[in-house]
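Every heavy atom of this structure was used, including side-chain atoms; hydrogens, water molecules and symmetry mates were not. Keep in mind that what you see is a predicted model, and the values were worked out from it rather than measured. Numbers restart at 1 for each chain; the letters A, B, ... are given by sequence-line order, proteins then strands.
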There are 2 protein chains.
Amino acid sequence: MSVFINVFYICIVKRSEIKQHIIETASQLFYRNGYNLTGINEIISTSGVAKATLYNHFKSKEDICVAYLQHKNNSFIKQIEAFCLSKELGKGRVLALFEFLELFFEDQDFNGCWCIKTVAEIPRDNEIILTEIQTQKRDFIRFIEQLIIDNIEDINVQESFMMAKQVYLLYEAAVSESHLHKDVWPINSSKQLCNKII
Amino acid sequence: MSVFINVFYICIVKRSEIKQHIIETASQLFYRNGYNLTGINEIISTSGVAKATLYNHFKSKEDICVAYLQHKNNSFIKQIEAFCLSKELGKGRVLALFEFLELFFEDQDFNGCWCIKTVAEIPRDNEIILTEIQTQKRDFIRFIEQLIIDNIEDINVQESFMMAKQVYLLYEAAVSESHLHKDVWPINSSKQLCNKII
DNA sequence: TAAAAAAGACAGACTGTTCTGTCTTTATTA
DNA sequence: TAATAAAGACAGAACAGTCTGTCTTTTTTA
């Protein structure tokens, strides 16, 4: 039996993948239930990892938080980029942002923006986490800007940056408000307005 | 000394105003430091009220949370309404929303939207608090809608509702994002875009 | 004098973090 | 290939706090 369990366990988490496994487990819990409401004990019991092992990989809960944010952002950027590029060249690729969000919203795990959620939970003076979040958002604005440059005709640098910020604001509002109202209307309204300005 | 302290204390909070005093103290703490990071003990020590007294007025921390949200919303609506009406009739009264937000942002106590913050902190299934928040937001949209009807010429009911939702989304994005980026640019971008659509 | 507030002890559950000592896996050597 | 060494994952206790909410006793106010 011991052998079976061992073999079985290895199938789930290889030794070399333990850190990643902890990150994924913590991410699910943090995103679903919130950072402060998720305890270390819940993370270790859910992931099946020993406490000492967790603290071998991360020096503190805050450390896990940063890893969680990065994990979320990495997969998000990868997915939304692939989704937009799957559409035909042109305005549609910008509007695809909101179509992606629609799918994201319909996902049962949707729980709003992890950055906004986390900012709301940490003390004002936690610069480590705040900096990580601001970096993610600035990268996202740059991603939108490139999308605009590549897909909107006759647009100069100044205009494209201004437009990127506006599209970004509409996207962010759509995420937060669809979550708050538990309804898709903010996504539609934002998309409509975005269509008007691009 | 005991007498002095008592006299001094009475000057601050009359007996009949204790409940209101608790709400105001809790509001400051919840808004500044977050709901979960603010303990009952901090509320009582800051307000100078006994624990039993607090639990005489509120049956639970959640109860105080609802009172906090209502308190915030009441004073917000009162202030923004007065500010908008202080401007000249016309489009300017709609744009005044963002001018109000600018002042709000510059206030040292500014810490984003209390609704978004609170939603991020409570468990998904807390319907009492969520309902309170959704009601506040719907009321705010209705307020914006009335502002549009009163100040934009030749607009029908359908258009005004659609526009109200869009202006609302821009306002909400401006609040959250100016807070996140610690910068005024989201307010300016939102205002600019709002000006374009009204 | 009766009602209400103050003060703070209290229960009981939870927090993040550190630690010990054991067992298992992996890498290196002979 | 077999023996050994190093790395690190394991369980679980302990630490010094925290938390909400209840309760009793004393003091103050109307």
Could you check whether the rings of A:Trp185 and B:Tyr168 sit parallel, tilted or perpendicular, using 30° and 60° as the cut-offs? tilted

Whole Å only: how far is the CZ atom of B:Phe58 from the C1' atom of D:dG21? 15 Å

Relative to the ring of A:Phe30, is the ring of A:Tyr68 parallel (under 30°), tilted (30 to 60°) or perpendicular (over 60°)? perpendicular

Rounded to whole angstrom units, what separation is found between the CD1 atom of A:Ile18 and the P atom of D:dG8? 11 Å

Once you round it to whole Å, what is the distance between P of C:dG8 and CD of B:Glu42? 18 Å

Residue pair A:Gln136 / A:Glu132, side-chain donor-acceptor N/O under 3.5 Å: yes

Atom-pair distance (CG on A:Leu54; C1' on D:dA11), nearest Å: 14 Å

Rounded interatomic separation in angstrom, taking CD1 from B:Ile44 and C1' from D:dC19: 12 Å

Gap between atoms CD1 and P, on A:Ile43 and D:dA9 respectively (whole Å): 16 Å

Flag the pair A:Glu99 and A:Lys87 as a salt bridge only when some basic side-chain nitrogen lies within less than 4.0 angstrom of an acidic carboxylate oxygen. yes

Classify the side chain of A:Lys51 versus the base of C:dT17 as yes if they form a donor-acceptor pair under 3.5 Å and no if they do not. yes

Residue mapping more 5' on DNA chain C - nearest nucleotide basis, A:Lys59 or A:Asn41: A:Asn41

Does B:Asn56 put a side-chain nitrogen or oxygen below 4.0 Å from OP1 or OP2 of C:dA5? yes

A:Thr53 side chain N/O closer than 4.0 Å to the phosphate oxygens (OP1, OP2) of D:dG8? no

Go through C:dA6, C:dG16, D:dC10 for me and flag the one nearest to the A:Ile40 side chain. C:dG16

Provide, to the nearest angstrom, the distance between the CD1 atom belonging to B:Ile22 and the P atom belonging to D:dG21. 14 Å

Taking the six-membered ring for Trp, are the ring centroids of A:Phe76 and A:Phe140 within less than 6.0 Å of each other? yes

With nearest nucleotides of DNA chain C determined for A:Ala52 and A:Tyr35 from heavy-atom distances, which residue corresponds to the more 5′ nucleotide? A:Tyr35

On the nucleotide C:dA5, are OP1 or OP2 found under 4.0 Å from the side-chain N or O atoms that B:His57 carries? yes

Would you indicate what B:Ser45 reaches in the nucleic acid, counting non-hydrogen atoms under 4.0 angstrom: base, sugar-phosphate, or nothing? nothing

Separation of A:Tyr55 atom OH from D:dC15 atom P, in whole Å? 17 Å

